[in-house]
Amino acid sequence: MSEKTRMLAGELYTADDPELAADAARTAAWMARYNGMADASAADRDRLLREAMGDVGERVTVRAPFYCDYGYNIHLGTGAFLNFGCVVLDVVRVDIGAGTQIGPGVQILTADHPRDPALRARLLEFGRPIRIGANVWIGGGALILPGVTIGDDAIVGAGSVVTRDVAVGETVVGNPARAARR
């Protein structure tokens, strides 16, 4: 099994594998082009997004600068909006639902590392997918950690660190993010 196959399956893998390094280099070149097109037409930015992303719905906006590992694991629903400075570590699948709005500086992090120090010393890592539902609002500077699912219509407060799943329609805030009092 290749390291890329292991990575995509969420198994332990080494990121310095030549195939993954080539993918990362292609994505770095893509990011340089995309992030340099801030004044380009919406159609040109959309065309470029579709070159790198797994799926891109209609009327998607991703404001530059934008950063990701590979791009091909990112799936953006219709009308999704990512503001300036978002980071998506997409070693495995990331789904962002239709109409979801993501504030500036948000980090969506599928990449994870073994808890066993001997495995970490061998530079092994793995990923856990993230699913963000439809019509979600994630405030600026929030961190979404590996393996989290955020239900439709949820709200994540600015600066929150989301370490566990968020229910449909729930509002969470803080570090670690907890349900907001009503």
Side-chain angles (χ1 to χ4, degrees), residues 7 15 23-112 125 127-166 171-177:
M7 178 188 82
D23 285 355
R26 272 192 301 278
T27 303
W30 174 86
M31 282 187 296
R33 288 190 346 248
Y34 188 81
N35 289 332
M37 291 182 62
D39 61 347
S41 72
D44 286 342
R45 287 191 312 275
D46 184 70
R47 177 189 49 73
L48 200 54
L49 264 182
R50 291 174 190 283
E51 281 183 21
M53 299 294 121
D55 291 302
V56 179
E58 299 299 317
R59 299 179 319 280
V60 166
T61 300
V62 177
R63 288 184 157 172
F66 170 76
Y67 305 98
C68 64
D69 281 324
Y70 301 104
Y72 50 70
N73 289 318
I74 301 171
H75 303 268
L76 303 168
T78 297
F81 176 86
L82 283 71
N83 213 328
F84 302 109
C86 286
V87 174
V88 181
L89 299 186
D90 65 311
V91 301
V92 292
R93 189 174 177 109
V94 174
D95 288 300
I96 298 173
T100 288
Q101 298 178 28
I102 298 177
V106 169
Q107 296 181 46
I108 299 169
L109 312 173
T110 67
D112 207 340
E125 55 188 74
R128 293 188 286 146
I130 292 175
R131 182 187 177 284
I132 300 170
N135 197 38
V136 172
W137 175 24
I138 300 176
L143 287 134
I144 313 302
L145 296 187
V148 165
T149 294
I150 299 174
D152 295 345
D153 302 317
I155 297 172
V156 175
S160 295
V161 178
V162 183
T163 61
R164 55 182 86 148
D165 292 352
V166 178
T171 298
V172 297
V173 297
N175 179 6

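The figures that follow rest on heavy atoms only: side chains count, while hydrogens, waters and symmetry mates do not. Start at 1 with the first residue, then count along the sequence.
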Give a yes or no answer on whether the side chain of N135 reaches the backbone of D152 with a donor-acceptor pair at less than 3.5 Å.
-> no
Got a donor-acceptor contact below 3.5 angstrom from the T100 side chain to the G133 backbone?
-> yes
Could you tell me the separation between the CG atom of D69 and the CE atom of M31, rounded to the nearest 0.5 Å?
-> 8.0 Å
Indicate the atoms forming the closest heavy-atom contact of G103 with C86, along with that distance.
-> O-SG, 3.4 Å
Salt bridge (Lys or Arg N to Asp or Glu O under 4.0 Å) against R164, all qualifying residues, sequence neighbours excluded | none
List in chain and number order the residues that pass side chain to side chain donor-acceptor pair (under 3.5 Å) with D112, two or more places apart in sequence or in another chain; answer none if no residue qualifies.
-> R115, R128
To the nearest 0.5 Å, atom CG of L143 lies from atom OG1 of T163 at 11.0 Å
How would you list, by chain and number, every residue that makes a side chain to side chain donor-acceptor pair (under 3.5 Å) with R63, sequence neighbours excluded?
-> N83
Applying side-chain contact (heavy atoms from CB on, under 4.5 Å) to A15 and not counting sequence neighbours gives Y13, E125
Ring pair (Phe, Tyr, Trp, His ring centres under 6.0 Å) contacts touching residues 39-58 (sequence neighbours left out) | none
Does any pair with a residue in residues 47-70 pass ring pair (Phe, Tyr, Trp, His ring centres under 6.0 Å), and if so which ones, sequence neighbours excluded?
-> Y70-Y72
Verdict with supporting geometry, M7 and D23, side chain to side chain contact (heavy atoms under 4.5 Å, CB included) | CA-CA 12 Å; M7 178 188 82; D23 285 355; over 6 Å; no
Begin from the C-alpha positions of V136 and V166 and carry the test side chain to side chain contact (heavy atoms under 4.5 Å, CB included) through to its verdict.
-> CA-CA 11 Å; V136 172; V166 178; over 6 Å; no
Within residues 79-97 or reaching into it, pairs that qualify as salt bridge (charged side-chain N to carboxylate O under 4.0 Å, His left out) - sequence neighbours excluded = R93-D95
Do you know the tightest heavy-atom contact between V173 and S160?
-> CA-OG, 3.2 Å
Could you pull out every donor-acceptor pair under 3.5 Å between side chains of residues 104-111 and any protein atom, sequence neighbours left out?
unit_1 : atom_1 : unit_2 : atom_2 : d
T110   : OG1    : L89    : O      : 2.5
T110   : OG1    : V91    : N      : 3.1

Drop me the distance from C68's SG to I74's CD1, to the nearest 0.5 angstrom.
-> 4.5 Å
Please round to the nearest 0.5 Å and tell me the distance separating atom CD1 of I144 and atom OG1 of T149.
-> 11.0 Å
With sequence neighbours left out, what residues match R50 under side-chain contact (heavy atoms from CB on, under 4.5 Å)?
-> D46, V56, E58
Can you list the residues that meet the salt bridge (Lys or Arg N to Asp or Glu O under 4.0 Å) rule with R45, with sequence neighbours excluded?
-> none
Who passes side-chain contact (heavy atoms from CB on, under 4.5 Å) against I155, sequence neighbours left out?
-> W137, T171
Taking atom CG of D44 and atom CE of M37, what is their separation to the nearest 0.5 Å?
-> 4.5 Å
Might you point out which heavy atoms bring I138 and A142 nearest each other, and give the distance in Å?
-> CG2-CB, 3.6 Å
Derivation and outcome, side chain to side chain contact (heavy atoms under 4.5 Å, CB included), residues L76 and I96 | CA-CA 5 Å; L76 303 168; I96 298 173; 3.7 Å; yes
All side-chain contact (heavy atoms from CB on, under 4.5 Å) counterparts of N175, not counting sequence neighbours | V161
With distance as the sole test, does Y34 use its side chain to make a donor-acceptor pair with the main-chain N or O of V62 at under 3.5 Å?
-> yes
